[in-house]
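Reading through the structure tokens given below for one structure.
Small disclaimer: the values here were computed from a predicted structure and weren't measured.
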Amino acid sequence: MSPTTVLPLPHRPVHTATRASVALPSSALDAMLDATYETHRRFRHGAFAEPCPTCHVPAGELCLTRRSVHTARRLAHRIRVAQTRPFSPMAAEAC
């Protein structure tokens, strides 16, 4: 037999994937989701900047369904964002 050197394979530690739902109790997740929606509503971020055409609540209010934003409201927000220019006219000319 010929003497050959056997190189060891690189050892990679196994990382276990933990999900937030496993690490936190459901009551904590509920509180986090409620706080996130309340912050978005209060400052009119995202879809909360638009009135909801489905449940007819004004902009800055939560939809009548708990923890949900109606699809029509999200779509209205996406259309409005797509129609606005990302830069001022002077900045666009400079580019």
*Going through the checks in order, is the side-chain contact (heavy atoms from CB on, under 4.5 Å) test met by L62 and V57?*
CA-CA 7 Å; L62 295 172; V57 295; over 6 Å; no
*Look at the aromatic rings of F48 and H40 and report parallel, tilted or perpendicular, splitting at 30° and 60°.*
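The arrangement is tilted - the two ring planes meet at 30° to 60°.
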[X] [atom1] to [Y] [atom2] distance, which is reported to the nearest 0.5 Å:
X: T84; Y: I79; atom1: OG1; atom2: CD1; value: 12.5 Å
X: E38; Y: F43; atom1: CD; atom2: CZ; value: 9.5 Å
X: H77; Y: H45; atom1: NE2; atom2: NE2; value: 10.5 Å

_Same apolar cluster (I L V M F W Y, side chains within < 4.5 Å links), V69/L64_ =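 No, separate clusters.
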*Please examine the side chains of C63 and C55, heavy atoms only from C-beta on, and report whether any two atoms are closer than 4.5 Å.*
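They are in side-chain contact.
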*Among all residues two or more places apart in sequence or in another chain, which pass the side chain to side chain donor-acceptor pair (under 3.5 Å) test with R80?*
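E50.
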*Short side-chain to backbone donor-acceptor contact, R74 and A47, under 3.5 Å*: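 Pair absent, no side-chain N/O of R74 close to backbone of A47.
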_I'd like to check the side-chain contact (heavy atoms from CB on, under 4.5 Å) partners of P53; sequence neighbours left out, ordered by chain and number._
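With sequence neighbours excluded, P53 shows a side-chain contact (heavy atoms from CB on, under 4.5 Å) to A72, R73, given in chain and number order.
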